[in-house]
Amino acid sequence: MPLDAQDRLLSRDASIRFFSTMPLENITAVNNQGLSVIDLKTGVIEISVLLKGFVFPNALMQEHFNENYVESSKYPRAYFKGTIQPFNDIRLDKDAVHKLIVKGTMQLHGKSKEINSHAQLQIKEGKIIGDAVFDLLLDDFSIQIPKLVKDKIAKNISINVKAIYQVQKNNL
Amino acid sequence: MSAKIFYTMSLVMLFSIPILAQESLLKDLENEQKGNNKISGAFKSSRVINGHSIEMIGAGMMDFRILHRFGPVSQGIGELFGLDQASMRLGFDFGLSKNLTIGVGRTTFKKELDGFLKYRIIQQSTGYKASPVSLVAVAGLSVYTYKNPDPAKPIPFNDRVGSYFQMIVGRKFSDHFSMQLSPTLVHRNLVAANDDNDIFALGFGARYKFTKRMAFVVDYSYVANGLPKTTGANPLSIGVDIETGGHVFQLHFSNSTGMNERSFITETTNTWGSGEVRFGFNLSRIFDIKKSR
């Protein structure tokens, strides 16, 4: 059976924000060009973001992020693929807030890690808004923080994803 | 359309969709998103060693630079291999925008003040409207302020002034290797009888990054005309860049002591061949000075 176009939700401007919270310094960076797709038939969700697109409070942090930490010229994207549960009762024509569990694999810096997170999908007057907050441990992705700056960069980075989805018009 | 073609196509679609679904649903969009991708980090610092690099410090950033140049290593242990003699330059560079930097500094030698304007015309990039190189223009001015020991013969202001104009073409060839060329014109208002006022030099800079935070760097200027061949020498500096978060240390050996373009291009008289090599370092500390959002 061919896929029904109605079953796919797509976002090309998902906002992906991360926070490193430390007593000495808080760092936050944002990328508003995340890609995300949800297949409501299968419950599959994907999120993909170009690491070079993260904007930092200053140019030096941004350079260090790309050059020293995520090595974005070698590993240009962060990519998540997983499933949402439950997905069977999501109806786009009915306003509701769906509490979901997202399970899947995060790929970053050449490493993969299983992730579970709470998320929600809100349907309101035809708008479809997805939200998720979860943490990543830099150690899991072999991103090393040198001793000199270990008081300024958290080992535990909090990630916040917010995506406004459109119903996909035509099949990819 | 014949039934056969229709049948074949339906079959292809039927089978290809589940196969594609195994992969990323976002592949096409990811490819579409590549866009224009700016290449940065060709050099660790805004200077190769002495000369400007194709790197900019970024909008709203201030680079506080402390430079030291010591005496010849060949002086031996009595002078602690040159470390007993030091000249220095203190400087502040300001990133007015991501492509425009202004900087000022003062050097102990001749008590010289210098300032420059550095503008990146093109940044190396890939994808849409790609450019294989970065192109940067620099214009600078220097004024020395030391007084003539004979108070009866003060040096007129005009005679103290020098200037330079430079175009830098550079490319980051890989994560490790970057190279640049910088044709430079240095003008000095007052020169010795046998020297030319205008000096043309071709700068060459390269780095090889061997760990994430360390790199070998070479900075050389070929002085093409204008200096007496018997005393003038081409400045060659070889060193290591060490980056530690907000600091960059540039440790090097060089035959030059000058710390601005007029000085290291026109006043280098020592040569590597005769062993008149000196130790020196640049310390760069970057501060974020724009208002916090």
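Being a predicted model, the structure only gives us computed values, none of them experimental.
Note that the CG atom of B/Asp28 and the CG atom of A/Leu35 stand 11.0 Å from one another [nearest 0.5 Å]. Here the CD atom belonging to A/Glu63 is positioned 6.0 Å from the CD atom belonging to B/Glu55, to the nearest 0.5 angstrom. With rounding to the nearest 0.5 Å, the separation of CG in B/Leu26 from OG in A/Ser48 is 6.0 Å.
At least one side-chain heavy atom of B/Leu29 sits less than 4.5 Å from a side-chain heavy atom of A/Leu10. Counting heavy atoms from C-beta on, the side chains of B/Glu30 and A/Leu50 never come closer than 4.5 Å. Proximity of A/Glu67 to B/Lys212: side-chain heavy atoms (C-beta onward) are nowhere separated by under 4.5 Å.
Contacts of residues 39-46 of chain B with chain A at a heavy-atom distance below 4.5 Å involve B/Ser40, B/Gly41, B/Lys44, listed in sequence order. The interface of residues 146-165 of chain A with chain B, defined by heavy-atom distances below 4.5 Å, comprises A/Pro146, A/Leu148, A/Val149. Interface with chain B: from residues 123-138 of chain A, no residue qualifies, criterion being any non-hydrogen pair under 4.5 Å.
Heavy atoms from other residues, nucleotides or ligands lying under 6.0 Å from CZ of B/Phe216 number 12 at most. In B/His247, the NE2 atom is crowded: over 12 heavy atoms of neighbouring residues, nucleotides or ligands sit closer than 6.0 Å. Residue B/Arg285 qualifies as enclosed at atom CZ: its count of foreign heavy atoms under 6.0 Å is above 12.
By number of non-hydrogen pairs under 4.5 angstrom with chain B, the leading residue of A/Lys52, A/His64, A/Met61, A/Gln33 is A/His64. Ranked by heavy-atom pairs under 4.5 Å with chain B, the first of A/Pro76, A/Gly53, A/Ser36 is A/Ser36.
A pairwise comparison of heavy atoms in B/Gly246 and A/Leu60 identifies CA-CD2, 4.0 Å as the closest pair. Here the closest heavy-atom approach between residue A/Ala59 and residue B/Gly58 is recorded as CB-CA, 3.7 Å.
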Which donor-acceptor pairs under 3.5 Å do side chains of residues 98-116 of chain A form with protein atoms, sequence neighbours excluded?
from     : atom 1 : to       : atom 2 : distance (Å)
A/Lys99  : NZ     : A/Gln120 : OE1    : 3.1
A/Thr105 : OG1    : A/Glu114 : OE2    : 3.1
A/His109 : ND1    : A/Phe141 : O      : 2.8
A/His109 : ND1    : A/Ser142 : O      : 3.3
A/His109 : NE2    : A/Tyr69  : O      : 3.3
A/His109 : NE2    : A/Glu71  : OE2    : 2.7

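There is no contact between B/Lys98 and chain A, counting heavy-atom distances below 4.5 Å.
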